[in-house]
Amino acid sequence: MAETAPLYDTYMRAPLRFERGEGVWLITESGERYLDFAAGVAVNSLGHAHPHLVGELKAQADKVWHLSNLYEVPGQEKLSKRLTEVTFADKVFFTNSGAEALECAIKTARRYHFAKGHPERFHVITFEGAFHGRTIATVAAGGQEKYIEGFGPKAPGFDQVPFGDLDAVRAAITDATAAILIEPVQGEGGIRPATNEFLRGLRQICDEHGLLLILDEVQCGVGRTGKLFAYEWSGIKPDIMAVAKGIGGGFPLGACLATAEAASGMKAGTHGSTYGGNPLAMAVGNAVLDVVLADDFLQHVRDVALVFRQGLASLKDRFPDIIEDIRGEGLMLGIKAAIPQADLLQAIRAEHLLGVPAGDNVIRLLPPLIVTADEAREGFARLERAAERARAARTKKSA
């Protein structure tokens with residue numbers, strides 16, 4: 001990118017320019033191949049240039065791109081039926097991003113209580129380390145000062161408690177509480193899974209107090225943990241769930257799913273989106289489900305995830321001075337570095353492997369769900385060389 005490019009200075013971009021992708025690989029303009037274990041931050045769920053996704057998108061592009069929600073959109077009807085058939089939900093609202101899906105989820109919960117005659121119930125309990133998006137409401141929900149600072153007063157109605165602390169949740173409930181919002185696996189927060197017991201405890205608390213349970217599965221959903229959605233591991237059902245990233249396989253697409261009861265306050269005119277549910281997005285979303293819901297696909301994710309965990313555990317044992325811990329579920333994995341995160345990420349990129357930084361000094365590994373065991377082993381070989389590279393750099397620095 002030219003130094004004079006008139007872009008906002010909001011990103012610290014790596015000096016890499018990718019021209020095309022093939023499966024789990026990205027190829028630069030100069031022809032260098034990188035093993036992509038970032039997947040656009042868990043977005044490219046089926047890798048790059050997946051033939052089924054490409055074919056469905058091209059076919060739709062020859063028909064109609066945009067209609068708006070002034071009219072019926074057959075692709076929305078098809079995708080919504082498929083999502084409700086395989087989840088807890090009865091209703092779906094389509095968006096373009098995860099942040100928009102979370103906005104819809106928060107509005108759905110607040111509107112539910114308003115419609116029941118309790119407008120005072122608009123507070124949402126959230127958790128330390130959370131990340132729910134970058135809109136004014138979702139940065140307030142996430143509660144991280146680095147995302148809130150400088151944008152005026154924090155949007156009211158969000159009460160944050162420690163992650164994993166049921167007693168703190170109970171203590172935070174007031175007559176103004178409407179819902180509890182949590183990521184089953186925190187992504188930006190450093191790949192921190194909530195325990196099944198904790199999620200079951202939240203479901204019980206919501207039932208006891210008439211609260212709605214909102215799950216943010218923007219990053220951990222759509223097969224990422226080895227189930228279609230992460231909540232399935234705990235055996236609970238939420239009332240509302242936000243989905244994005246992997247559901248579009250690289251195309252901007254999000255969705256807010258809800259039970260009929262939770263969505264009962266969302267009447268005509270209460271919410272909307274110009275682009276949400278456009279025909280192009282619906283074609284791709286349906287194509288993603290064609291693949292992810294196929295027989296044995298999720299079993300493949302679980303099988304390869306086991307190979308990953310075993311390989312990463314071996315690296316941790318051999319490089320305790322570089323790797324402090326391994327975290328995560330399925331193909332949503334994190335390496336907690338024992339050295340500055342940036343140093344290890346630099347060494348990883350030097351081996352033509354891509355990962356994603358996160359909080360708590362963690363590097364996320366989020367390979368496409370189509371990754372094979374052989375490609376996983378190739379990734380380990382590169383991680384091993386990166387760890388050796390990082391160790392040598394520290395030895396040289398301290399000499």
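The closest donor-acceptor contact from the side chain of Asn361 to the backbone of Gln341 lies under 3.5 Å. One N or O on the side chain of Asp36 and one on the backbone of Ala38 form a donor-acceptor pair closer than 3.5 Å. Side-chain atoms of Arg111 never come within 3.5 Å of backbone atoms of Met266 as a donor-acceptor pair (strictly under, hydrogens ignored). Looking only at distances, no side-chain donor or acceptor of Ser234 sits under 3.5 Å from a matching main-chain atom of Asn196. For the pair Lys245 (side chain) and Val41 (backbone), a donor-acceptor distance under 3.5 Å is present. Proximity of a side-chain donor or acceptor of Asn44 to a complementary backbone N or O of Leu46 within less than 3.5 Å is not detected. Under a 3.5 Å cut-off, the side chain of Glu103 and the backbone N or O of Thr135 do not form any donor-acceptor pair.
The two residues Phe297 and Leu369 come nearest to each other via the heavy atoms CZ-CB, 3.7 Å. When all heavy atoms of Asp216 and His132 are compared, the closest pair comes out as OD2-ND1, 2.7 Å. When every heavy atom of Glu22 is checked against every heavy atom of His48, the shortest pair comes out as N-CB, 3.7 Å. The heavy-atom pair separating Arg224 from Pro367 by the smallest distance is NH1-O, 2.6 Å. Closest heavy-atom contact between Ala262 and Ala258: CB-CB, 4.3 Å. In terms of heavy atoms, Val139 sits closest to Ile136 at CG2-O, 3.4 Å.
Val43 and Val288 are not part of a single hydrophobic cluster, where members link through side-chain heavy atoms under 4.5 Å apart. In the hydrophobic clustering of this structure, Leu331 groups with Ile335; members are Ile, Leu, Val, Met, Phe, Trp, Tyr whose side-chain heavy atoms approach within less than 4.5 Å, directly or through other members. Hydrophobic clustering of Ile, Leu, Val, Met, Phe, Trp and Tyr side chains at less than 4.5 Å, counting indirect connections, unites Val284 with Trp65. Clustering ILVMFWY residues whenever any of their side-chain heavy atoms sit less than 4.5 angstrom apart, transitively, puts Leu257 in the very cluster that holds Tyr231. Cluster annotation: Val169 is connected to Ile182 through the hydrophobic network of ILVMFWY side chains, with a link wherever side-chain heavy atoms come within less than 4.5 Å.
The residues Glu388 and Arg385 are annotated as not salt-bridged, no charged nitrogen and carboxylate oxygen being separated by less than 4.0 angstrom.
Atom NZ of Lys237 sits in a sparse spot, with 12 or fewer heavy atoms from other residues, nucleotides or ligands closer than 6.0 Å. With a 6.0 Å radius and a threshold of 12 heavy atoms from other residues, nucleotides or ligands, Phe114 has its CZ atom at or below the threshold. Within a 6.0 Å radius of CG in Asp207, other residues, nucleotides and ligands contribute more than 12 heavy atoms. Annotation for Glu149: atom CD does not count as buried by contact number, only 12 or fewer foreign heavy atoms lying within 6.0 Å. More than 12 heavy atoms of other shown residues, nucleotides or ligands fall within 6.0 angstrom of atom CZ in Phe18. Other residues, nucleotides and ligands place more than 12 heavy atoms under 6.0 Å from the CD atom of Glu29.
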Exercise for review: Test Arg391 against Asp321 for salt bridge (Lys or Arg N to Asp or Glu O under 4.0 Å), laying out the working first.
Suggested key: CA-CA 8 Å; Arg391 177 181 281 172; Asp321 54 326; 2.8 Å; yes
Exercise for review: For the pair Lys91 and Thr259, evaluate side-chain contact (heavy atoms from CB on, under 4.5 Å) and give the outcome as yes or no after the intermediate values.
Suggested key: CA-CA 6 Å; Lys91 299 285 187 177; Thr259 64; over 6 Å; no
Review point. Between Lys58 and Glu56, is a salt bridge (Lys or Arg N to Asp or Glu O under 4.0 Å) present by the stated rule, with each step listed?
Key: CA-CA 6 Å; Lys58 284 183 175 179; Glu56 293 298 300; over 6 Å; no
**Study point:** CA sep, side-chain torsions, deciding dist, call: Lys316, Asp325, salt bridge (Lys or Arg N to Asp or Glu O under 4.0 Å)
**Key:** CA-CA 7 Å; Lys316 174 180 175 290; Asp325 193 21; 5.1 Å; no
Practice item. In sequence, state the C-alpha distance, the side-chain angles, and the governing distance for Thr138 and Tyr147, and then conclude on side-chain contact (heavy atoms from CB on, under 4.5 Å). Key: CA-CA 10 Å; Thr138 54; Tyr147 298 128; over 6 Å; no
Review point. Going through the distances and angles, do Leu35 and His352 end up as a side-chain contact (heavy atoms from CB on, under 4.5 Å)?
Key: CA-CA 6 Å; Leu35 190 54; His352 285 207; over 6 Å; no
Exercise for review: Go through Glu329 and Trp233 one step at a time and tell me if the side-chain contact (heavy atoms from CB on, under 4.5 Å) criterion holds.
Suggested key: CA-CA 10 Å; Glu329 300 288 344; Trp233 290 107; 5.7 Å; no
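Ring geometry, His52 versus His50: the interplanar angle exceeds 60°, so the pair is classed perpendicular (tilted spans 30 to 60°). Using cut-offs of 30° and 60° on the angle between ring planes, the pair Phe308 and Phe380 is perpendicular.
At a threshold of 4.5 Å between non-hydrogen side-chain atoms, the residues Ile363 and Pro357 do not count as touching. Side-chain contact check for Arg394 versus Ile322: some heavy-atom pair is nearer than 4.5 Å. Two residues are said to be in side-chain contact when any heavy atoms from C-beta on lie closer than 4.5 Å; Pro340 and Asp343 meet this criterion. Residues Gln299 and Asp303 form a side-chain contact, since some pair of their non-hydrogen atoms from C-beta on lies under 4.5 Å apart. Residues Leu333 and Arg309 form a side-chain contact, since some pair of their non-hydrogen atoms from C-beta on lies under 4.5 Å apart. Two residues are said to be in side-chain contact when any heavy atoms from C-beta on lie closer than 4.5 Å; Leu253 and Asn96 fail this criterion. Taking the side chain as every heavy atom from C-beta outward, Ile323 and Lys336 never approach each other to under 4.5 Å.
Here the straight-line distance linking atom CD1 of Ile214 with atom OG1 of Thr108 works out to 8.0 Å at 0.5 Å rounding. Here the CG atom belonging to Leu213 is positioned 11.0 Å from the CE atom belonging to Met241, to the nearest 0.5 angstrom. Here the CG atom belonging to Leu181 is positioned 10.5 Å from the CG atom belonging to Leu202, to the nearest 0.5 angstrom. Within the model, atoms CZ of Phe37 and CG of Leu383 stand 7.5 Å from one another, a figure rounded to the nearest 0.5 Å. Summarising the geometry, atom NE2 belonging to His271 is positioned 4.0 Å from atom CZ belonging to Phe93; distances are rounded to the nearest 0.5 Å. For the atom pair Ile191 CD1 and Arg327 CZ, the distance stands at 9.0 Å (nearest 0.5 Å).
When only modelled atom types and interatomic distance are considered, Gln76 and Asn69 share a side-chain donor-acceptor pair under 3.5 Å. Side-chain contact, Gln346 with Arg349: no donor N or O sits under 3.5 Å from an acceptor N or O. Side-chain contact of Thr372 with Glu375: a donor-acceptor pair under 3.5 Å is present, judged by distance alone. When only modelled atom types and interatomic distance are considered, His66 and Asn278 share no side-chain donor-acceptor pair under 3.5 Å.
Partners of Arg364 according to the side-chain hydrogen bond (donor to acceptor under 3.5 Å, both in side chains) rule, which considers only residues two or more places apart in sequence or in another chain, are Glu188, Gln219.
Ring to ring, His123 and Phe158 are not that close: their centroids are 6.0 angstrom or more apart. Taking the centre of each ring, Tyr275 and Phe94 stay at or above the 6.0 Å mark.
Shown are Leu212, Ile180, Leu215, Leu211; of these, the side chain to side chain contact (heavy atoms under 4.5 Å, CB included) with Asp239 is made only by Leu212.
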